[in-house]
Undergrad: 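Have a look at this one before I ask anything.
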Amino acid sequence: PKSKHDYSNDKTRQRLYHHLNMTSRSFSAVIQDLDEELKDAICLFYLVLRGLDTIEDDMTIDLDTKLPYLRTFHEIIYQKGWTFTKNGPNEKDRQLLVEFDAVIEGFLQLKPAYQTIIADITKRMGNGMAHYATAGIHVETNADYDEYCHYVAGLVGLGLSEMFSACGFESPLVAERKDLSNSMGLFLQKTNISRDYLEDLRDNRRFWPKEIWGQYAETMEDLVKPENKEKALQCLSHMVFNAMEHIRDVLEYLSMIKNPSCFKFCAIPQVMAIATLNLLHSNYKVFTHENIKIRKGETVWLMKESDSMDKVAAIFRLYARQINNKSNSLDPHFVDIGIICGEIEQIC
Ligand code: PS7
Ligand code: MN
Ligand code: MN
Ligand code: MN
Ligand code: MN
Ligand code: MN
């Protein structure tokens with residue numbers, strides 16, 4: 001039975017899922033496997049935020065133009081027919097903005113409860129992005145790092161949890177655990193930021209907090225100098241440790257999720273993140289190669305295995321053991337990382 005909000009045979013819907021396939025590296029498949037009630041809402045949530053992030057990431061837009069777009073994006077999504085016409089880099093994602101009228105049309109067909117959640121998160125994320133895009137403001141302290149990651153990823157976790165509880169698939173407790181929802185996003189975002197050291201530096205984006213890299217080098221670009229190799233790897237271990245501190249919360253959150261399609265949707269990005277952290281740990285390629293990625297076969301295996309808490313716990317144990325085995329005993333975070341790895345074996 002189709003609700004009045006179902007537009008499954010619409011041209012709009014085809015265009016939306018086309019954009020989802022074009023712009024998401026890993027979310028496309030897991031979103032399409034969600035139950036009907038949430039699939040379109042989360043697809044639109046993704047596309048709205050992908051549009052916002054494309055503006056944030058575009059270093060060719062001058063700040064006087066960029067900041068107002070970021071701060072008002074939650075209003076733009078209600079303006080039927082709005083498109084972004086300026087040419088720019090990053091063609092796949094840019095095309096989404098050029099055809100953004102399709103996203104707006106889809107958004108306006110969602111149930112009002114989902115529209116409200118998406119608009120509220122977009123407003124808070126856009127303002128947070130604008131703050132950190134402002135001239136002279138950077139991620140300096142560890143508190144800044146947690147705050148920036150809250151804006152761009154933790155808030156996504158809060159919004160998704162609200163959707164899971166609002167539709168009745170999950171208990172109201174899930175939406176109430178904002179701390180755990182935030183950690184779900186922070187673990188993904190910190191893994192992404194740790195991996196993207198070179199790519200972000202090339203584009204003059206700096207998300208590694210000075211409070212961390214300042215312990216190992218005079219400037220952030222000094223980390224890539226061959227003579228600083230040992231310090232660079234120690235700094236990387238510090239970043240890996242900082243991300244791993246969210247794993248307790250991630251496992252607690254996942255153990256609350258009961259709906260099978262929500263569980264896979266939540267779990268797959270998290271297991272890909274710990275597999276990626278394992279790939280990064282003690283790996284000098286972070287400082288010499290852009291776009292280091294886990295193998296395709298490993299991704300396929302992770303996506304297939306992530307269908308129960310027991311199996312996800314076993315995956316976290318497996319990678320925790322590998323991370324621990326790769327640690328260098330002379331590394332300043334050798335013991336810290338060892339303790340977290342030990343805890344993962346206990347919790348699961
Ligand atoms: C609404 C599914 C499941 C409770 C576009 C999923 C970019 C890591 O920065 O392209 O381009 O290198 O790899 C996703 C919590 C957010 C956090 C954030 C929206 C999980 C705009 C994902 C995704 C919460 C800001 C990856 C946060 O982008 O990185 C939906 C629970 C978007 C989630 C960005 C990063 C996503 C990210 P980049 P990616
Ligand atoms: Mn961004
Ligand atoms: Mn981005
Ligand atoms: Mn800045
Ligand atoms: Mn990135
Ligand atoms: Mn990227």
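Atoms within each ligand, like the ligands themselves, are counted from 1 in listed order.
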Undergrad: May I ask you to check whether Phe107 and Tyr114 place their ring centers less than 6.0 Å from one another?
TA: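 Ring centroids of Phe107 and Tyr114 are no less than 6.0 Å from each other.
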Undergrad: In degrees, rounded to 10 degrees, what angle do Asp196 atom OD2 and Asn192 atom OD1 make at the Mn ion (ligand 5)?
TA: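 Value returned, to the nearest 10°, is 80°.
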Undergrad: By atom name, which N, O or S atom of Asp53 is the nearest to the Mn ion (ligand 2)?
TA: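 Output for this pair reads OD1.
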Undergrad: Counting from 1, what ligand 1 atoms have a heavy atom of Leu160 closer than 4.0 Å?
TA: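 It comes down to these atoms of ligand 1: 3 (C), 31 (C).
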Undergrad: Tell me whether ligand 1 is touched by Pro269 - counting only heavy atoms on the residue side and a distance under 4.0 Å.
TA: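 In this structure, Pro269 fails to qualify as a contact of ligand 1 - no heavy atom is under 4.0 Å.
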Undergrad: Any chance the rings of Tyr148 and Phe207 have centres within less than 6.0 Å?
TA: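 Between Phe207 and Tyr148, which both carry aromatic rings, the centre distance is below 6.0 Å.
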Undergrad: Find, among atoms of Asp57 that are N, O or S, the one nearest to the Mn ion (ligand 2), and state its name.
TA: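 For Asp57, the N, O or S atom at the smallest distance from the Mn ion (ligand 2) is OD1.
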Undergrad: Output yes when the distance from some N or O of ligand 1 to some N or O of Arg195 is under 3.5 Å, and no in every other case.
TA: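 In fact, backbone or side chain, Arg195 has no N or O that close.
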Undergrad: Looking at Tyr253, which atoms of ligand 1 are within less than 4.0 Å of one of its heavy atoms?
TA: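 Reading through ligand 1 atom by atom, the close ones are 4 (C).
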Undergrad: Does even one non-hydrogen atom of Phe164 get within less than 4.0 Å of ligand 1?
TA: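 No, that is not the case, since the closest heavy atom of the residue is not under 4.0 Å from the ligand.
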Undergrad: Is the charged tip of Lys229 near the ring of Phe287: under 6.0 Å from the six-membered ring centre and within 45° of its axis?
TA: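 Judged by the rule, Lys229 and Phe287 form no cation-pi pair.
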Undergrad: By atom name, which N, O or S atom of Glu56 is the nearest to the Mn ion (ligand 2)?
TA: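 It is OE1 of Glu56.
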Undergrad: Under 4.0 Å from any heavy atom of Asp53, which atoms of ligand 1 are there?
TA: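 Near Asp53, the atoms of ligand 1 are 7 (C), 11 (O).
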Undergrad: With side chain to side chain contact (heavy atoms under 4.5 Å, CB included) as the test, pick out the partner of Cys341 among Asn324, Asn325, Asp336.
TA: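 The passing option is Asn324.
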Undergrad: Quick check, are the ring centers of Phe164 and Phe169 under 6.0 angstrom apart?
TA: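 Ring centroids of Phe164 and Phe169 are no less than 6.0 Å from each other.
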Undergrad: Run down the list Ile42, Asp196, Val152 and name the one with the heavy atom closest to atom 34 (C) of ligand 1.
TA: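 Of the listed residues, Val152 has the closest heavy atom.
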Undergrad: State the atoms of ligand 1, each with its element, that fall below the 4.0 Å cut-off from a heavy-atom position in Tyr46.
TA: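 Counting from 1, the qualifying ligand atoms are 1 (C), 14 (C), 19 (C), 23 (C), 30 (C).
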Undergrad: Aromatic ring centroids of Phe84 and Tyr69 under 6.0 Å?
TA: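 Here the rings of Tyr69 and Phe84 have centres that are less than 6.0 Å from each other.
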